[in-house]
Amino acid sequence: MLDRELIRTQPEAVKAGIARKRLDTSIVDEFSRVDTEYRKVRTENDEARAESNRFSKSIGQLMAQGKREEAEEAKAKSKALKDAATDGEERERELEAALRRIELEMPNLPHESVPDGKTEDENVVVRTWGEQPVFSEAPQAHWDIAERLSLLDLPRGAKISGSGFAVYTGAGARLQRALFTFMIDHQTLRNGYREIYPPYLVNRASLVGTGNLPKFEDDLYKADEDLYLIPTAEVPLTNLYRDEILDASDLTIKLAGYSGCFRKEAGAAGKDTRGLLRIHQFDKVELVKFSLPENSYEELESLTADAEGVLQALGLHYRVIEICTGDIGAKGSKQYDVEVWSPGVGRYLEISSCSNFEAYQSRRANIRFRRAQGDKPEHVHILNGSGLATPRLFSAILESFQQPDGSVLLPEALRPYVGFERLGG
RNA sequence: GGAGAGGUCGCAUAGUGGUCUAGUGCGCCGCACUCGAAAUGCGGUGAGGCGCAAGUCUCCGAGGGUUCGAAUCCCUCCCUCUCCGCCA
């Protein structure tokens, strides 16, 4: 959600921002139309209510003074006003709901520093770390390595759940479990995040708060009337402080949570279907920050660095790209993706997406802070990023550290967690 | 799942149809007293909307209803606590 005052006073600037994202700007005009009407009706109704309240209050006093006749008169007047106001109130509720719908649909604006561009082709590589490992023979893809070493059982995953569900087996399961324990330790012990273990099912209000609803209903698994499986721990972590006013001295709040993640991937059917490239259930350590507005861009840089730190600790080559305005999506103000090199697949794969949402989510979720006693509450800036997602980390490790003898030599940092140094061989 | 109790302004409580524009205590802020502090006294102290402002409207878990008027009465739902049943 954007600041209503901003849309009212600078509609052209809002349109310009939406246009940079290559999204439909007509929603701004729609907002103005409904907002103007809403304020008019609201003011009329407020005045009618005020008048009716005045009569109502006088009734009590007149009764106390024993002026029964005058009281009856006031009663009749008040009722007439009330009846007249009923239509207006219905109209008010309709307009309020319409305004809310528009606000929830209106995209966030890109930060001025975000490079302009139409599609992902215009994203900008801002840095790379490490180098592509060199192999004497063509490196195998992780699905081949995993099958050869019995680390994954994809056919049985398809049998028990359907395509896109992975079963990790034996040493593969052990590695998988080691990965998220290692990452949680890294983010909490080294980078100072507070560990959170969240529920996997959340209510609708939480998904509206982060911006997954109403727009992305199709990608969510729904478990019950008002209960959805989380597509990422971002949802429960961000909503931890929904409808709360935080103390400025507690900011920046840094949370790290491990969770399973569930996504229908409705729009991506048939894409990246092999191995662990795109699956319906995966595991991830998510980082969420609640920041003072003036610090949020600094916090985005360090958040991205915290995500990168995991790859550095494991010695995996990666690059960081800055997402251009046309590819950034509706929610973000600025976004970096961290892409790990997957030598077997032969591509850089997104393993973390770090975003600053500014106040877009905090307005939806009503998360505010107070600078000092007596000050008006302001909306916090909220940021998040994966730190990191395990399937692509799992696959990058297999592919990057495969040995000529067919085994996989695990990075030093991981060995205490896994309990052995080599897969296979 | 069943039975009972309960959800009020940061916390604790009062309020069972009409000065409730929600009282009181604690906490917090300001002022006074003081060399300073404590104690004490006085005043203030929620959020949101509309409005240039004066002001006004909404919010007592959520939503609906009765009434001229609801924290208060009725209905539905949510949550918390106690007991029972079931259960990892």
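Just so you know, these numbers use all the heavy atoms, side chains as well, and skip hydrogens, waters and symmetry mates. By convention in this document, chain letters (A, B, ...) are assigned in the order of the sequence lines, proteins followed by strands, and residues within each chain are numbered from 1.
Taking atom P in both B:rC78 and B:rU45, the straight-line distance is 38 Å, to the nearest Å. Comparing B:rA53 with B:rG43, their P atoms sit 29 Å apart, to the nearest whole Å. To the nearest whole angstrom, the two C1' atoms, one in B:rA71 and one in B:rU21, are 15 Å apart. With both ends at atom P, the span from B:rC77 to B:rU19 equals 32 Å, rounded to whole Å. Of the C1' atoms belonging to B:rG41 and B:rG63, the separation is 47 Å, rounded to the nearest Å.
Within 4.0 Å (heavy atoms only), A:Asn45 reaches no atom of the nucleic acid at all. Residue A:Arg42 is in base contact, counting any heavy-atom pair closer than 4.0 Å across all strands shown. Here A:Arg204 lies out of heavy-atom contact (under 4.0 Å) with every strand. When heavy atoms are screened at a 4.0 angstrom cut-off, A:Arg54 is found touching no nucleic acid atom at all. Residue A:Lys40 is classed as having no contact, given no heavy-atom separation below 4.0 Å to the nucleic acid.
Boundaries of the chain A contact region on RNA chain B are B:rG18 to B:rG69, first to last in 5' to 3' order (nucleotide atom under 4.0 Å from a heavy atom).
As the counterpart of B:rC83, B:rG2 is assigned, both hydrogen-bonding distances of the Watson-Crick or G-U wobble pattern falling under 3.5 Å. The nucleotide B:rA47 finds its pairing partner in B:rU58, both defining distances of the Watson-Crick or G-U wobble pair being shorter than 3.5 Å.
Under the rule for a ring-ring contact (aromatic ring centres under 6.0 Å, His included), A:Tyr336 has no partner lying at least two apart in sequence or in another chain. Shown here are the side-chain contact (heavy atoms from CB on, under 4.5 Å) partners of A:Glu103, two or more places apart in sequence or in another chain: A:Met1, A:Arg4, A:Phe31. A:Thr169 meets the side chain to side chain donor-acceptor pair (under 3.5 Å) test with no other residue; sequence neighbours excluded. Residues meeting the ring-ring contact (aromatic ring centres under 6.0 Å, His included) test with A:Tyr168, sequence neighbours left out: A:Phe394.
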Pairs under 3.5 angstrom only: tabulate donor-acceptor contacts from the side chains of residues 174-184 of chain A to other protein residues two or more places apart or in another chain.
| residue | atom | partner | partner atom | Å |
| --- | --- | --- | --- | --- |
| A:Arg174 | NE | A:Val418 | O | 2.8 |
| A:Arg174 | NH2 | A:Val418 | O | 3.3 |
| A:Gln176 | OE1 | A:Thr390 | OG1 | 3.4 |
| A:Gln176 | NE2 | A:Asp283 | OD1 | 2.9 |
| A:Gln176 | NE2 | A:Thr390 | OG1 | 3.4 |
| A:Thr181 | OG1 | A:Arg177 | O | 2.9 |

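Checked by atom type and distance alone, the side chain of A:Asn123 pairs as donor or acceptor with a backbone atom of A:Glu120 at under 3.5 Å.
A salt bridge links A:Glu5 to A:Arg8: at least one charged side-chain nitrogen sits closer than 4.0 Å to a carboxylate oxygen.
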